[in-house]
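Heads up, the thing below is written out as structure tokens.
First the proteins, then the strands, lettered A, B, ... as listed; each starts at 1.
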Amino acid sequence: MATPAGLERWVQDELHSVLGLSERHVAQFLIGTAQRCTSAEEFVQRLRDTDTLDLSGPARDFALRLWNKVPRKAVVEKPARAAEREARALLEKNRSYRLLEDSEESSEETVSRAGSSLQKKRKKRKHLRKKREEEEEEEASEKGKKKTGGSKQQTEKPESEDEWERTERERLQDLEERDAFAERVRQRDKDRTRNVLERSDKKAYEEAQKRLKMAEEDRKAMVPELRKKSRREYLAKREREKLEDLEAELADEEFLFGDVELSRHERQELKYKRRVRDLAREYRAAGEQEKLEATNRYHMPKETRGQPARAVDLVEEESGAPGEEQRRWEEARLGAASLKFGARDAASQEPKYQLVLEEEETIEFVRATQLQGDEEPSAPPTSTQAQQKESIQAVRRSLPVFPFREELLAAIANHQVLIIEGETGSGKTTQIPQYLFEEGYTNKGMKIACTQPRRVAAMSVAARVAREMGVKLGNEVGYSIRFEDCTSERTVLRYMTDGMLLREFLSEPDLASYSVVMVDEAHERTLHTDILFGLIKDVARFRPELKVLVASATMDTARFSTFFDDAPVFRIPGRRFPVDIFYTKAPEADYLEACVVSVLQIHVTQPPGDILVFLTGQEEIEAACEMLQDRCRRLGSKIRELLVLPIYANLPSDMQARIFQPTPPGARKASANQRAGRAGRVAAGKCFRLYTAWAYQHELEETTVPEIQRTSLGNVVLLLKSLGIHDLMHFDFLDPPPYETLLLALEQLYALGALNHLGELTTSGRKMAELPVDPMLSKMILASEKYSCSEEILTVAAMLSVNNSIFYRPKDKVVHADNARVNFFLPGGDHLVLLNVYTQWAESGYSSQWCYENFVQFRSMRRARDVREQLEGLLERVEVGLSSCQGDYIRVRKAITAGYFYHTARLTRSGYRTVKQQQTVFIHPNSSLFEQQPRWLLYHELVLTTKEFMRQVLEIESSWLLEVAPHYYKAKELEDPHAKKMPKKIGKTREELG
DNA sequence: CAACCTCGT
């Protein structure tokens with residue numbers, strides 16, 4: 001970043017060379033404008049509006065270069081009503097100016113007005129007091145004829161004299177009070193004037209006026225849309241104005257009459273006013289919500305999102321067939337792009353490679369957008385050990401957040417809740433907690449929590465911050481994730497997964513040991529984050545000193561702001577490295593093929609660097625790798641070396657580690673980058689999207705449906721209930737889950753005995769909440785106490801909670817792998833198979849070699865072991881003793897049934913039906929029971945692929961259901977009409993082995 | 001006879 005003077009000179013020079021123009025004020029204007037804009041598009045738009053430059057020619061390019069150079073200002077604002085707020089602020093300032101001019105007069109007026117009101121009140125009060133005294137006197141005189149006490153003597157003094165003295169005294173008092181009152185009014189006006197003087201610098205005033213004008217113009221353009229929803233908005237606006245008046249009135253009332261005794265009527269009036277105010281507030285909140293939803297329905301080009309829509313967008317939305325619309329939009333985008341960048345252009349510049357790609361179909365990319373970076377693209381710095389410490393600090397200073405350190409800290413100090421908006425890589429995650437630490441938020445033994453949706457993120461960020469602060473990880477800076485608590489008593493900066501903080505609510509419902517809670521990556525809207533919002537909002541209300549920071553990418557911040565009672569938004573502009581985004585010119589049919597072609601294309605046409613490809617699944621990744629390697633081999637030495645490395649969750653970890661190793665020089669690693677956010681983190685980059693820009697804007701869902709509206713909520717309900725939140729229907733969800741989902745969860749918990757008929761948590765429910773597994777699993781674990789088989793049940797629970805990734809099935813060894821799997825089969829069902837696998841693995845000494853030989857995934861097993869150990873550690877807390885069934889698997893199966901009686905199916909003549917809902921279901925072909933078809937069974941989960949399949953099934957007897965869940969099943973519905981026709985063949989086999 | 005599988009306590 002250049003110094004202001006240097007920057008100005010640079011702009012002047014450029015202006016001169018590009019446009020033959022060298023006026024200083026133009027340069028200043030350009031810089032000033034750029035500083036106030038939040039995106040390059042906005043900047044260009046503004047320039048266009050003001051006709052400063054002819055932006056059709058090289059000036060546009062220059063404008064973009066300028067934009068990249070200018071340090072932008074952070075903005076603290078409430079985006080939901082930015083335009084409205086500005087207008088109101090302007091009006092208020094106008095009023096303030098007037099106040100400044102005639103404040104003396106208005107004070108006098110106020111005093112006389114309020115004075116008379118005071119006198120009225122005083123009179124009333126006097127009247128009331130007199131009346132009361134008279135009543136008392138009457139009472140006393142009737143009662144106390146015999147007693148003639150001192151007090152009585154006083155009142156029996158000569159009446160006229162006494163009366164005169166009293167009124168005189170009161171009049172004096174009144175006068176004094178009136179004087180005091182007048183003084184208070186004067187003081188108030190003086191305060192206001194001072195505030196006005198402080199706030200109103202003229203420039204800001206003019207700026208506000210200009211902005212208001214722009215806002216007005218935007219509004220004008222929105223008229224057609226506005227009309228549609230005008231009624232509601234109009235009402236809301238009126239209500240809002242009313243509310244503001246009312247609030248001012250109430251505030252004055254309290255200020256002026258705060259210590260004057262009010263009559264009952266006046267008190268009622270005040271109460272009524274307050275009630276009206278509260279209602280109006282509610283109404284307003286509802287109105288805003290409505291408005292927001294209405295604006296969200298429109299797919300606006302990203303550049304204008306968050307700002308008032310312009311008429312053009314709306315017109316385009318409404319007119320023409322989709323194809324036509326797409327073409328027009330595409331054209332508009334292409335026209336706007338300053339630079340056309342096609343692979344063909346590049347290839348023609350390097351004829352050597354054109355030959356290589358001749359047979360291949362080339363894919364055309366068009367650069368549509370650039371995400372600006374604040375740094376010039378440059379090679380990543382290579383540093384020696386000695387330089388490292390210095391460079392760490394240099395990197396810290398280079399982060400986009402750094403220039404706003406002071407502003408940010410001030411904003412945090414001034415507001416309890418602050419929404420922080422910034423791109424990935426702006427440094428918000430690593431820097432802000434450090435700033436807070438430096439600022440002393442961790443004094444007095446208080447801690448700072450920073451939540452991440454993912455484990456790796458929590459770990460790596462903590463490690464990074466520890467390095468930056470020069471402390472050992474786990475000391476001052478630590479992380480806390482499931483199975484791994486890398487914190488100590490010294491830890492004040494705690495990075496953790498969101499689920500972890502949620503768990504902490506169980507032990508510390510008010511988060512008393514934290515001074516700041518920062519919810520990071522809020523835009524991801526994970527289930528845990530969403531629930532944290534509701535809980536933290538609650539806590540913040542009764543802990544006014546607790547600071548809440550909600551950090552999000554450039555999305556949804558308006559919603560967060562609204563949710564947290566219009567908390568201000570702090571926008572951190574800029575990103576570290578620029579990322580160019582390229583879109584395909586036409587949609588691709590076979591995207592895997594297209595992807596491979598693009599990689600090669602990129603490989604030969606672009607400067608050296610790594611290529612990162614995002615695909616949807618393991619199979620695709622493997623296929624793509626094969627295709628790439630195959631083609632590279634065919635091309636042989638004609639192209640530079642290409643190193644293809646796959647990465648996906650199920651990949652053995654040593655393979656994963658390979659991608660972090662540095663690339664051999666001249667070679668290039670693992671195609672179209674789907675997420676520009678990931679790139680640009682360490683160095684400048686380019687992002688190729690294998691879909692058209694139109695599709696990006698229109699076909700992809702703007703934001704995915706929040707997790708909370710998709711998943712089963714059993715766990716969540718249990719957790720909230722155990723935190724004492726009973727009224728779940730009115731819990732403060734950012735996006736409330738569907739009513740039915742909540743009801744379903746409540747019913748399920750009731751059936752499991754976690755809730756009583758009043759919906760209150762039972763003791764067993766409290767225990768279930770302690771266990772970090774699904775309610776049915778935890779019920780199963782609790783039941784293992786009764787059947788004395790907790791050792792086995794723990795294993796089953798652990799194995800069930802690692803999802804279907806136990807068996808490894810490489811394509812080239814399918815037969816061996818399937819054989820190995822069948823070898824683990826035990827009669828009874830899949831749960832026992834899982835138990836068998838784990839037991840054998842444990843007997844092998846938890847060996848990885850054993851896993852390899854038996855086609856079992858070591859990583860999954862290790863995870864199962866972790867889960868098992870964690871659960872074992874919690875057994876004591878839920879009062880379950882360790883016990884083993886000693887081979888009596890009936891007991892294990894009964895305990896499982898106690899948790900899963902909800903998930904049962906019976907064999908009918910037309911196949912399997914679930915017992916309660918009569919849904920047609922099938923045993924999954926991978927199940928050990930697939931060929932046996934027992935009459936009664938229990939399943940762990942249903943998966944819908946080609947059919948509704950039961951995965952992980954266990955054979956049970958219907959009588960067990962009555963034993964474990966008598967409240968849920970009636971003997972009659974478990975009767976089997978075909979009992980005599982079908983002998984218990986399988987049952988016998990099982991008993992023999994049992 | 002089916003093949004999807006991200007993340008978290």
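Following rounding to the nearest Å, A:Gln870 (CD) and B:dT9 (P) show an atom-to-atom distance of 9 Å. Here the P atom of nucleotide B:dC5 and the CD atom of A:Gln952 are 16 Å apart, to the nearest Å. Atom CG of A:Leu944 and atom P of B:dA2 are 14 Å apart (whole Å). For the pair A:Met500 CE and B:dC7 C1', the interatomic distance rounds to 16 Å; values are reported in whole Å. Remark: P of B:dC7 and CE of A:Met459 are 14 Å apart, rounded to the nearest angstrom. One can place CZ of A:Phe505 at 20 Å from P of B:dG8, the figure rounded to the nearest angstrom. B:dT9 atom P lies 12 Å from atom OH of A:Tyr479, rounded to whole Å. In this entry the distance linking CD of A:Gln933 with C1' of B:dC1 reads 11 Å, nearest Å.
A:Phe922 comes within 4.0 angstrom of nothing in the nucleic acid, heavy atoms only. No contact: A:Leu527 has no heavy atom under 4.0 Å from any strand.
For the OP1/OP2 pair of B:dT9 and a distance below 4.0 Å, the side-chain nitrogens and oxygens of A:Arg455 include at least one atom meeting the criterion. Between B:dT9 and A:Thr497, a contact under 4.0 Å exists linking OP1 or OP2 to a side-chain N or O.
Contacts of A:Thr487 classified as side chain to side chain contact (heavy atoms under 4.5 Å, CB included), with partners at least two apart in sequence or in another chain: A:Ser480, A:Asp485, A:Thr491, A:Arg494. Take A:Ala817 and apply the side chain to side chain contact (heavy atoms under 4.5 Å, CB included) test, not counting sequence neighbours, and it matches A:Arg809, A:Pro810, A:Phe855.
Residues A:Glu872 and A:Arg868 are paired through a salt bridge, judged by an N-O separation under 4.0 Å between the basic side chain and the carboxylate.
Here the side chain of A:Arg951 is nearest to one of B:dC5, B:dT9, B:dA2, namely B:dC5. Candidate nucleotides B:dT9, B:dC7, B:dA2 were compared by shortest atom distance to the side chain of A:Glu707, and B:dC7 ranks first. Listed nucleotides B:dC7, B:dA2, B:dT9 differ in distance to A:Arg454; the shortest reach to its side chain belongs to B:dC7. The listed nucleotides are B:dA2, B:dC1, B:dT9; the one nearest the side chain of A:Thr946 is B:dA2. The side chain of A:Val943 lies closest to B:dC5 when the candidates are B:dT9, B:dC5, B:dA2.
In this structure, A:Thr795 contributes its side chain and A:Glu791 its backbone to a donor-acceptor pair below 3.5 Å. In this structure a side-chain-to-backbone donor-acceptor pair under 3.5 Å is missing from A:His528 to A:Asp498.
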